[in-house]
Amino acid sequence: MTKSKDNIKFEDILEKIRVYIEDEKQIEVITKAYEFASLKHSGQFRKSGEPYIIHPMHVAAILTTIYADYETISAGFLHDVLEDCDCTAEEMEEEFSHEITKLVQGVTKLSKIHFSTENEYLIDYYKKIIVGMSEDVRVIIIKLADRLHNMRTLWALPEDRQKVKAREALEILAPIAHHLGIHKIKSELEDLSLRYLKPDVFYDIAEKLNKTKLERDKTVYDMQTEVSNLLNEYHINHEIKGRAKSIYSIYNKLDKGKKFSDIYDLLALRILVNTEQECYLALGIIHSKFRPLPKRFKDYIAMPKPNMYQSLHTTVFGIDGYLFEIQIRTHDMDEVAENGIASHWAYKENGGSKATANLQTTTEQKLQFFKSIIDLSKEKMSSEEFVNSVKDEVLNNNIYVFTPKGDVIELPKGATPLDFAYKIHTKVGETTVGAIVNNNIVPLNYELKDNDIVKINTNKNSTPSKEWINMVKATQTKNKIRSFFTKNEREIYIERGKYNLEKELRKRKIVFSEFFSDDNIKQICENFKLEDLEDIYLVAGNGRIAINAIINFIDKPEEIAQPKNIKITSSSTDADIIVNGIDKVKVNLANCCNPVYGDEIVGYITKGNGISVHRINCHNLSMLEDRTLEVTWNSNSNKRYFTSILVYTNSSDNNMLGLMQSISMLNVSVDEIKTITRGDNAIYEISCYVTGIEQLNKLFTAINKNAYVDKVERIIR
Ligand code: MN
């Protein structure tokens, strides 16, 4: 071992790795990577005067804290070898795998990029880094670890370089870490940046925290004990931690005009339990003893943040009159909260290469920011425009709004319902005719706020107006609107055809790419005398051939199959609905009114999707008049039926626990309980499975017995 003032040792890193990597072959590769890097960097020194190898060792060590896979750790050791040493990619690939070499090359490409702005040539590089994420998200994770260690040793640089590096870390790398959900790295990057950008503020906060530390520690400890005893009384297994707020998060609040003494979450607890149900139970129990501060409750379990974060947040009046911010979540949710996307590595059962594949897929599919960046990179715009859009509209200054179904959509600050509509789908944007926000009709240039619930009304014959360009915020939306006016008729029909086909296939639960396999495309083209897939879209879009004719040609409707196992009047059928006079037909329970066994029902003949069964009082039926037919329940079915109810209360307390207790006495399985509106008259939505109307009525009676309940009703969407 090289002697130095920094006494990091390979053996120590290895020990951390062995905690979660057992495969000896993988350990061998890691060891070899360390030895190779040591050799290549020998004789090199950092600005701090230490041997260079210390740096990649720290990077690898940081990567172990998020349980990185062996390829990522190996690439961590090797990450500066291609750039700074006499070593080619070919040589590296001979010693290590192609995968590892590719990771190192990815990081090398990035380190040539300086995240400064101004200079156009640098901006081009910057574009590369962001788009580079699409190749392998592990490259960015290594880059984050690299930058984190450089930030920890930033003191070795001259002051002007310090500020540049700190700003880059704060404006670009910390937001990327945030969007990837890697909280540990994000938070340390922020604190370190603040220390160099605003040293006086940083040390001022640190000192204030220090002065009050003893008193706070004691209060937190006492509260912890009380809460723990309380949860034990109810036999809820839990782990409970005091929790330090980061200096940067305090600075942020001070910066927004709050006083140091007003920042609630200086005192904070985190409670970890085993199941999601226990999260809500624990919450109810805590609220029954400690009065919650109104409007501070947030349910990120029912509605996770776009970076997958899940937790319950509440603020209560704790012991000695101190306010406590309490987070409640399961151990699994905690793993995701700390490590975000990297938590895929932590789950042993799907470890190894599968976990790494999941990492990439999840990044691409679940993280909206990622998709936004990739979409932006496809737009025609200057590099400068691109970089500014990414920085201002994707990485920073976001608001979060909800679809009526509760999905979270991330938008830039200042976004309007039109931005929302285009974000859902270009076609939705282009056919928008109106918007409803929190149940009020709003103009299309209305500025959306955090937590708004947005519903878009569309009309399939409507088209965008040129004025919209001035009514939207996101560059991407502007470009989409502009491109509508430069498209020709053919393109519009092709897009419309594709969209309508997608929609119908989704309705029938058919995977788009499977439906349009090469073989199926060939068959459709032959049958309808078309050229290619684009041609199929075109005829579907301009209405020459009906969407259903195209789909039915491949996905033949089920009816008139062999009638052998259908005896509709016999007791052997397990279908839950009997359609009078028709032998075999696809039947769905409509998900607008969710009929349950025993409800008065009526069937509606859909176009190509069998019969959908509605409750007789479902308002959606009034529009469907001519196509209804009589259906009855099959009394032999012992299915359970999904249904959703709304509970209106006259109280602002959190009554989830009480509601859950009322339900638990019946044999009803609850799918979800969530708060729809808070405030003086909180409303809850309960989704559950019942055996039928009888059990549902019992449920209503049980819930109605609670004094705080005003009324209970079933939802018809
Ligand atoms: Mn480095």
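What's counted below: heavy atoms across the whole structure, side chains too, no hydrogens, waters or symmetry copies. The first residue of the sequence shown is numbered 1, and numbering continues consecutively from there. First listed ligand is number 1; within each ligand, the first listed atom is number 1.
One N or O on the side chain of Q162 and one on the backbone of L157 form a donor-acceptor pair closer than 3.5 Å.
The aromatic rings of Y309 and H313 sit perpendicular to each other, their planes meeting at more than 60°, with 30° as the lower class boundary.
Checked against the Mn ion (ligand 1), the N, O or S atom of H55 at the shortest distance is NE2. Nearest to the Mn ion (ligand 1), among the N, O or S atoms that D146 has, is OD1. Take the N/O/S atoms of D80: the one nearest the Mn ion (ligand 1) is OD2.
Within the coordination shell of the Mn ion (ligand 1), defined by N, O or S atoms under 2.8 Å, H79 is present.
Taking the charged nitrogens against the carboxylate oxygens, D12 and K16 have no contact shorter than 4.0 Å, which rules out a salt bridge.
Every side-chain contact (heavy atoms from CB on, under 4.5 Å) that E239 has, sequence neighbours left out, goes to K241, L272, H331.
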